[in-house]
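In listed order, ligands and their atoms are each counted from 1. None of the values given here were measured: they were computed from a predicted structure.
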Amino acid sequence: MKHRIVVLGAGYAGAYTAGTLARRLSPADTEITVVNAVPDFVQRLRLHQLAAGRQIEAPKLADVFAGTGIRLRVARVTAVDPERRTVTVADADGGGELGYDTLLYALGSRGADHGVPGAAEHAFDVAARPSALRLRERLDGLARQGEGGRVLVVGDGLTGIETATEIAESRPGLSVALIARGELGARLSPGARGHLRRACDRLGVTVLEHTDVEAVEAARVLCADGTALASDATVWTAGFAVGPIAAAGGLQVTENGRIVVGRTMRSVSHPDVYAVGDSAHAIGDNGRPLPMSCASAGYTGRQAIEAIVGRLTGREIANTKLAYGYNHISLGRRDGILQLIDGEGRAKPRYIGGRKAARIKAGILTMSLWANSHPTFGAPRRRHRLAAAPGPAAAKAAGRAQDGRVVAS
Ligand SMILES: Cc1cc2nc3c(=O)[nH]c(=O)nc-3n(C[C@H](O)[C@H](O)[C@H](O)COP(=O)(O)OP(=O)(O)OC[C@H]3O[C@@H](n4cnc5c(N)ncnc54)[C@H](O)[C@@H]3O)c2cc1C
């Protein structure tokens, strides 16, 4: 029987990892199935642009995986059972169960409302395509009503900054405010913070600092200091968390639902499960958790590939790089900030701002789309056969004793 690898999610982490595994493992003894909720690759990095009214490309996953031998199942994952090694999926035909020998969990993350009353019901977000499209529809509606619609973006993390500036630039008829809990862009260097402030001024984004939102209502937000701010569209960007599927399946997760993995992206509680991208709580080479980001999706994916190929084929597992070097923030289409980060995760004094940073960011977006639509590019063409089963070498490589007990994590 072939070794069944099931990859959950075909976003930045899952598509690349699945494609590369297909290139490196022989189809004679491995079968790879990818399960994704939608039939196309969603460029999550551009969802704020989609919400603001731009068209973004969405390559069909069937084309992305053409010729790789990967089976694509367009379905929603509803549960994982790592004890029985099954995944439950729902689709138009009713769904069913998929069995696996190795599971790669790459379902990404979603917006986190942190339990703030009304946020889930009344606020929009840009964490997923359907919600970004709902926001776009709302902004279109406000534009039809004429000048002066008020948009409040809650959260001055990277997504909040990109969303507020993108909407302000694309829809100059709206009044856009950005709400920051502390000082605007507190994690940036002083120079980059100044650049951000000037960009907000130029685009007409009102910045409300030291403002804690305590509740969201249909037409206003309520702040901790008692202020009520009128809003026609509140956009919640105050954090991301992983959905409940991993925790419900009994995998060890962090407070925000990320799967706790070891150096090789293997779940610390279930050695047949690997997690990559936003879903993984992985520690970087600097000893700090890797942030949810496109770069982390790539680094964790590469490490998981090495580990899965190594364990299944009995080869030594290389430690690949797990780093986070910079933040790249777009400020509309013509401006941006590239902030370098030091080994401790702090902003270095140096940053690049303006058109040059915007061009670099545009290049990164184009490159990451290309890389994800060509997931086998650059992967070695040589396909490895699995180590002979059920001998001790293969069992050791797979992390199990011959009787199936776990021997390594
Ligand atoms: C607006 C926005 C801008 C961003 N900008 C940047 C940036 O500039 N730089 C940066 O580094 N990061 C940025 N990020 C973060 C970045 O998008 C994520 O870190 C990255 O997408 C993580 O990759 P992933 O593969 O883990 O998750 P995703 O890319 O989200 O992929 C998850 C996949 O799983 C699928 N899925 C989810 N749930 C289910 C289910 N139940 N069943 C089946 N399929 C499911 C989804 O359809 C998706 O295909 C941004 C995020 C947002 C929202």
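You'll find the side chain of P375 reaches within 4.5 Å of the side chain of V64, heavy atoms only. Looking only at side-chain heavy atoms (C-beta outward), D335 and R198 stay at 4.5 Å or farther from each other.
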Name the atoms and distances for all side-chain donor-acceptor pairs under 3.5 Å in residues 233-246, with sequence neighbours left out.
{"residue": "T234", "atom": "OG1", "partner": "S231", "partner atom": "OG", "Å": "2.8"}
{"residue": "W236", "atom": "NE1", "partner": "A112", "partner atom": "O", "Å": "2.9"}
{"residue": "T237", "atom": "OG1", "partner": "V154", "partner atom": "O", "Å": "2.9"}
{"residue": "T237", "atom": "OG1", "partner": "G155", "partner atom": "O", "Å": "3.2"}

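Scored by the side-chain hydrogen bond (donor to acceptor under 3.5 Å, both in side chains) test, Q252 finds no partners at all (sequence neighbours excluded). Residues forming a side-chain hydrogen bond (donor to acceptor under 3.5 Å, both in side chains) with R181 (at least two apart in sequence, or on another chain): D212.
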For this session: Evaluate the side-chain hydrogen bond (donor to acceptor under 3.5 Å, both in side chains) criterion for residues R266 and T264: first the C-alpha distance (whole Å), next the side-chain angles of each, then the deciding distance (0.1 Å), finally the verdict.
Result: CA-CA 5 Å; R266 193 181 209 185; T264 62; 5.5 Å; no
Please give the N or O to N or O pairs under 3.5 Å between ligand 1 and the protein, distances rounded to 0.1 Å.
{"residue": "ligand 1", "atom": "8 (O)", "partner": "K361", "partner atom": "NZ", "Å": "2.4"}
{"residue": "ligand 1", "atom": "11 (O)", "partner": "C294", "partner atom": "N", "Å": "2.8"}
{"residue": "ligand 1", "atom": "12 (N)", "partner": "C294", "partner atom": "N", "Å": "3.4"}
{"residue": "ligand 1", "atom": "19 (O)", "partner": "D278", "partner atom": "OD1", "Å": "2.7"}
{"residue": "ligand 1", "atom": "19 (O)", "partner": "D278", "partner atom": "OD2", "Å": "3.3"}
{"residue": "ligand 1", "atom": "19 (O)", "partner": "S293", "partner atom": "N", "Å": "3.1"}
{"residue": "ligand 1", "atom": "25 (O)", "partner": "Y12", "partner atom": "N", "Å": "3.2"}
{"residue": "ligand 1", "atom": "25 (O)", "partner": "A13", "partner atom": "N", "Å": "2.8"}
{"residue": "ligand 1", "atom": "26 (O)", "partner": "D278", "partner atom": "N", "Å": "2.9"}
{"residue": "ligand 1", "atom": "29 (O)", "partner": "Y12", "partner atom": "N", "Å": "3.3"}
{"residue": "ligand 1", "atom": "41 (N)", "partner": "R76", "partner atom": "NH1", "Å": "3.3"}
{"residue": "ligand 1", "atom": "41 (N)", "partner": "V77", "partner atom": "O", "Å": "3.1"}
{"residue": "ligand 1", "atom": "42 (N)", "partner": "V77", "partner atom": "N", "Å": "2.8"}
{"residue": "ligand 1", "atom": "44 (N)", "partner": "A37", "partner atom": "N", "Å": "3.0"}
{"residue": "ligand 1", "atom": "49 (O)", "partner": "N36", "partner atom": "OD1", "Å": "2.8"}
{"residue": "ligand 1", "atom": "49 (O)", "partner": "N36", "partner atom": "ND2", "Å": "3.4"}

